[in-house]
Amino acid sequence: MNIAFIGLGNMGAPMACNLLKAGHRVHLFDIDKNALAELASQGGQISESPAQAAQGSELVITMLPAAAHVRRVYLDDNGVLAGIQPGTPAIDCSTIDPQTIRELADIAAAQGVTLSDAPVSGGTAGARAATLTFMAGGSSEHFERIKPVLAQMGRNIVHCGDTGTGQIAKLCNNLLLGISMIGVAEAMALGDALGIDTQVLAGVINSSTGSCWSSQSYNPWPGIVDTAPASRGYSGGFAADLMLKDLGLAAQAARSAHQPVMLGALAEQLFQAMSQRGEGGLDFSAIIQAYRR
Ligand code: NAD
């Protein structure tokens with residue numbers, strides 16, 4: 001299959017690589033020439049613009065930093081919608097607000113193109129291992145069309161409902177993740193300050209009612225989980241600045257629905273303070289440093 005892949009960063013590059021491994025002809029575009037050259041050396045075809053990548057492709061996938069980049073890549077004079085053939089499906093896998101993807105989907109629909117959202121979770125390790133979870137919005141018919149290709153980059157491919165619901169699922173999950181990580185950090189630091197061995201405390205929490213993914217698989221206290229960023233100086237993993245972006249999107253979506261997100265707002269401020277201290281590039285579990293003596 002001819003597939004256009006636009007946005008070859010930390011996530012997009014390994015995702016596109018998995019499509020190349022699956023035998024697709026992948027037409028690449030990124031504003032970063034090095035990212036393009038790297039994927040071209042693995043068999044991808046370099047395009048001069050999103051329009052050129054989309055031209056003749058049977059599917060378009062975008063994986064970009066934020067909503068402004070997604071708008072540009074689809075709507076610019078040499079954007080995807082200037083090159084794509086009517087009837088070709090397009091999927092945006094970036095994490096953005098639900099409103100933007102709905103607006104873009106309406107514009108695309110006016111020229112016979114079905115564009116939908118399919119943000120991911122699983123991080124760069126999941127992107128490399130093709131074990132991502134895709135949270136897809138859009139019609140059932142569109143979902144059935146794109147699912148086989150998503151399954152070559154991920155393990156759990158979930159249809160969440162209409163266009164935008166993939167983003168809603170992603171924002172709600174990351175809202176909870178940001179809050180739960182702070183909760184685990186607070187409990188671990190309190191236990192240490194009061195004098196319990198943190199290994200013993202983590203063991204008790206993980207077999208008790210406080211257990212969650214943040215305590216079990218990604219504990220923010222160093223040395224509890226060997227594979228967690230806390231055990232390698234909070235490098236790699238999911239940057240605090242990306243968590244801050246997702247909490248901001250959740251807050252924005254909550255405002256539009258007049259829905260309170262009290263703990264989410266507090267979590268956003270704590271990650272904002274971390275970013276201000278110049279620690280936004282560290283894994284988000286380094287939020288525990290706000291508690292440690
Ligand atoms: P990244 O910054 O590493 O990559 C983004 C890529 O988009 C870069 O290569 C950049 O050059 C390219 N780009 C920017 N503007 C462009 C344009 N106008 N035209 C073409 N290319 C352009 O980001 P990432 O970590 O790959 O994340 C991508 C998306 O996935 C984000 O929305 C992020 O929130 C989401 N996400 C990231 C992770 C993670 O762990 N990194 C996990 C889940 C979801």
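Whatever order the structure lists ligands and atoms in, that order sets their numbers, starting from 1.
- With hydrogens and angles left out, the side-chain atoms of Gln272 and Gln276 include no donor and acceptor closer than 3.5 Å.
- Annotation: atom 3 (O) of ligand 1 to nearest protein heavy atom, Asn10 N, 2.9 Å.
- Among all non-hydrogen protein atoms, the one lying nearest atom 4 (O) of ligand 1 is Gly9 CA, 3.2 Å.
- Applying the salt bridge (Lys or Arg N to Asp or Glu O under 4.0 Å) criterion to Glu58, with sequence neighbours excluded, gives no partner residue.
- For ligand 1, none of its N or O atoms has an N or O atom of Val120 under 3.5 Å away.
- At the shortest separation from atom 12 (C) of ligand 1 among protein heavy atoms lies Asp30 OD2, 3.3 Å.
- Ser180 and Ser214 share a side-chain donor-acceptor pair at under 3.5 Å.
- The closest protein non-hydrogen atom to atom 34 (O) of ligand 1 is Lys245 NZ, 2.8 Å.
- Shown are Leu249, Leu244, Leu242; of these, the side chain to side chain contact (heavy atoms under 4.5 Å, CB included) with Asp246 is made only by Leu249.
- Side-chain contact, Asp97 with Thr100: a donor N or O sits under 3.5 Å from an acceptor N or O.
- With hydrogens and angles ignored, the 3.5 Å screen pairs no side-chain donor or acceptor of Lys170 with any backbone N or O of Met135.
- Aromatic rings from Phe284 and Tyr218 are positioned such that their centres are separated by under 6.0 Å.
- Counting only non-hydrogen atoms, the option in Thr95, Asp246, Ile6 that gets closest to atom 44 (C) of ligand 1 is Thr95.
- Between the choices Lys170, Lys33, Met11, the shortest heavy-atom distance to atom 37 (C) of ligand 1 belongs to Met11.
- Among Gly12, Gly122, Gly123, the residue whose heavy atom lies nearest to atom 40 (O) of ligand 1 is Gly123.
- Proximity to Leu64 (heavy-atom distance under 4.0 Å) selects the following atoms of ligand 1: 7 (O), 13 (N), 16 (C), 21 (N), 22 (C), 28 (C), 29 (C), 31 (C), 32 (O).
- Of the candidates Pro65, Gly126, Pro14, it is Pro65 that places a heavy atom closest to atom 5 (C) of ligand 1.
- When the heavy-atom distances from atom 19 (N) of ligand 1 to Val70, Asp76, Val73 are ranked, the shortest goes to Val73.
- There is no protein heavy atom less than 4.0 angstrom from atom 23 (O) of ligand 1.
- An N or O contact shorter than 3.5 Å is missing between His69 and ligand 1 by distance.
- Residue contacts with ligand 1 for Leu8 involve N, CA, C or O but no side-chain atom from C-beta outward (heavy atoms, distance under 4.0 Å).
- A side-chain N or O of Tyr74 and one of Thr62 form a donor-acceptor pair less than 3.5 Å apart.
- Asn2 and His27 share a side-chain donor-acceptor pair at under 3.5 Å.
- For ligand 1, the polar-atom distance check against Ser94 finds no nitrogen or oxygen pair separated by under 3.5 Å.
- In this structure, a donor-acceptor pair under 3.5 Å is absent between the side chains of Asn10 and Thr124.
- Within ligand 1, the atoms closer than 4.0 Å to a non-hydrogen atom of Phe29 are 19 (N), 20 (C), numbered from 1 in the order shown.
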